[in-house]
There are 2 protein chains.
Amino acid sequence: MLDTPTRDRRAERHEATRAEILEAAWELVRAEGLAALSLRELAAKVGMRAPSLYSYFDSKHAIYDAMFAEGNRALMERRAALEFTGDPGVDLKRLARLFVQFSAEDPARYQLLFQRTIPGFEPSPESYALAVRILDETRRHLAALGVRGQRALDLYTAMIAGLSAQQLANDPGGDRWLRLIDDAVDMYLEHIRSTHAVHPIPRRARVTSKEARR
Amino acid sequence: MLDTPTRDRRAERHEATRAEILEAAWELVRAEGLAALSLRELAAKVGMRAPSLYSYFDSKHAIYDAMFAEGNRALMERRAALEFTGDPGVDLKRLARLFVQFSAEDPARYQLLFQRTIPGFEPSPESYALAVRILDETRRHLAALGVRGQRALDLYTAMIAGLSAQQLANDPGGDRWLRLIDDAVDMYLEHIRSTHAVHPIPRRARVTSKEARR
DNA sequence: GTCTATATCCAGATAGAC
DNA sequence: GTCTATCTGGATATAGAC
């Protein structure tokens, strides 16, 4: 009698090739722009012909979708690795810096995740759920730091989005807007402290980074 | 002897057709996305075949370039029509509202003017000069309102860019971020008043809207 | 799984008749 | 200025042999 192997070597190899294709796709879009991705070129980069890619992805949009999910997962992991102090002034700056740096370091990824300029591409529900989860974590996190309410949250995201957009559009590779992050967060905190009450959850009851992620 | 006509009716007609083509192009990109513009479709919309467009524009990029210039001119004119009071709290809000509304009302135009996601398209020097001029006017204007220095200007533009980006990406057609403009400008003014001195130029010496445009 | 060959469709741009 | 016809090249996707 033949025992069923506990590892499926074929599936593992399939996954590895998929990952290789995605990595090549990232390199291509970083070099030539998100919209310029072509299956022929992508296949050539991994030593295949274009039709072979269809053994790994159903369509070009499926590749974009996998990249969209990867990008969001990368952001989530980077955020999970952050250490927080419970001090809004410190933590909001770390969060903001994380996001703006993440945006600035890869314009193509920024375009895919946040600008959606690929004609006809919409992320699948599963991939989109990742993006929703990130926003939800941010909401919880800011709430834990004492920043509550839709308006306060929207103002924060607008500020971060603006710093990212300007950095990418007008000083790619530089730090002209990155250097404004601390200033911007101070401005934000001054403001919401003067208009709303800001009460970080006290130390004993504070949510941990892990809990905030739920 | 034949007098030279003072009007060139042929040139006028040519200009009119050019304008008609551009108007059709705007309608197309608003309906189907900036990147989806095709010469065949555009030509059909104005009752021509694709090759005839080449009598009016040298290339597809030349059409984008003309649209880029038109968009910037529209923004410039809208700004020139604004009335200013000299009060930074009032004027900065009017400026901000103008810009965010301008962005929100036409996503395709926003993408063309501020995001540059068309592969291979770069505005011609003449068209780009318009964009530079707008930024320069903003700089002068803010200076006249007492907001000076690169950092202060960059923070302002980031805020406006962020409100626009979020409004377009997450609430197109709505006003969720538009409603935050006054709040954001107040936040900004509170901040720079507490960190830099803000001294609007006194009434007698204040630059007029026309002067600020130089 | 990968290939060749191909289907199908589209694009921007040009030549040259009228 | 506008047209037809065409060039050239690209794309995604599929069929079917190996």
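Chain letters run A, B, ... following the sequence lines, proteins first, then strands; residues in each count from 1. Computed from a predicted structure; not experimentally measured.
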Q) For B:Thr17, which contact category applies under a 4.0 Å heavy-atom criterion: base, sugar-phosphate, or nothing? A) nothing
Q. Looking only at atom types and distance, does a side-chain atom of A:Asn72 sit under 3.5 Å from a main-chain N or O of A:Phe68, one as donor and one as acceptor?
A. yes
Q. Between C:dC3, C:dA13, C:dG1, which nucleotide gets closest to the side-chain atoms of A:His14?
A. C:dG1
Q: For A:Ser38, report the nucleic acid contact type (base, sugar-phosphate, nothing); a contact means any heavy atom under 4.0 Å.
A: sugar-phosphate
Q | Nearest-neighbour nucleotide for the A:Met48 side chain, D:dT2, C:dG12, C:dT2 considered | A | C:dT2
Q) So does B:Glu23 pair up with B:Arg30, basic N to acidic O under 4.0 Å? A) yes
Polar atoms only, N or O, under 3.5 Å: list the protein pairs with nucleotides 4-7 of chain D and their distances.
| unit_1 | atom_1 | unit_2 | atom_2 | d |
| --- | --- | --- | --- | --- |
| D:dT4 | OP2 | B:Arg49 | NE | 3.2 |

Q: Give B:Ile63 one of three labels, base, sugar-phosphate or nothing, depending on what nucleic acid heavy atoms sit under 4.0 Å from its own.
A: nothing
Q) Over how many whole Å does the gap from A:Leu42 atom CG to D:dA11 atom P extend? A) 11 Å
Q. Side chains of A:Gln167 and A:Ser103: do they bring a donor and an acceptor to under 3.5 Å?
A. no
Q) Is any side-chain N of the basic residue among A:Arg133 and A:Asp136 closer than 4.0 Å to the acidic one's carboxylate O? A) no
Q.
Please classify the nucleic acid contact of A:Tyr56 as base, sugar-phosphate, or nothing, using heavy-atom distances under 4.0 Å.
A. sugar-phosphate
Q | Whole-Å distance separating the CZ atom of B:Arg10 from the P atom of D:dT2 | A | 12 Å
**Q.** Side chains of B:Gln115 and A:Thr117, donor plus acceptor under 3.5 Å
**A.** no
Q. Going by atom types alone, do A:Arg79 and A:Thr138 pair a side-chain donor with an acceptor below 3.5 Å?
A. yes
Q) Under 4.0 angstrom, heavy atoms only, what part of the nucleic acid is B:Leu37 near: base, sugar-phosphate, or nothing? A) sugar-phosphate
Q | Length of the NZ-C1' vector between B:Lys60 and C:dC10, whole Å | A | 11 Å
**Q.** Pairwise salt bridge (Lys or Arg N to Asp or Glu O under 4.0 Å) hits with a residue in residues 41-50 of chain B, at least two apart
**A.** B:Glu27-B:Lys45
(Q) Between B:Phe121 and B:Asp65, is there a side-chain heavy-atom distance shorter than 4.5 Å? (A) yes
Q | Length of the line joining A:Asp58:CG and C:dG1:P, which is rounded to integer Å | A | 13 Å
(Q) Can you measure A:Arg13 atom CZ to C:dG1 atom C1' for me and round it to whole angstrom units? (A) 10 Å
Q: Can you tell me the distance, in whole Å, between the CZ atom of A:Phe121 and the P atom of D:dT12?
A: 15 Å
**Q.** Whole-Å gap separating C1' (C:dC9) and CG (A:Leu39)
**A.** 15 Å
Q.
Please tell me whether B:His141 and B:Asp91 have a donor and an acceptor in their side chains that are separated by less than 3.5 angstrom.
A. no
Q: Among B:Leu189, B:Leu92, B:Ile192, find the one that has a side chain to side chain contact (heavy atoms under 4.5 Å, CB included) with B:Tyr156.
A: B:Leu92
Q.
Please report the distance, rounded to the nearest Å, between CG in A:Leu53 and P in D:dA11.
A. 12 Å
Polar-atom pairs under 3.5 Å, protein N or O versus N or O of nucleotides 16-18 of chain D: list them with distances, or write none.
none

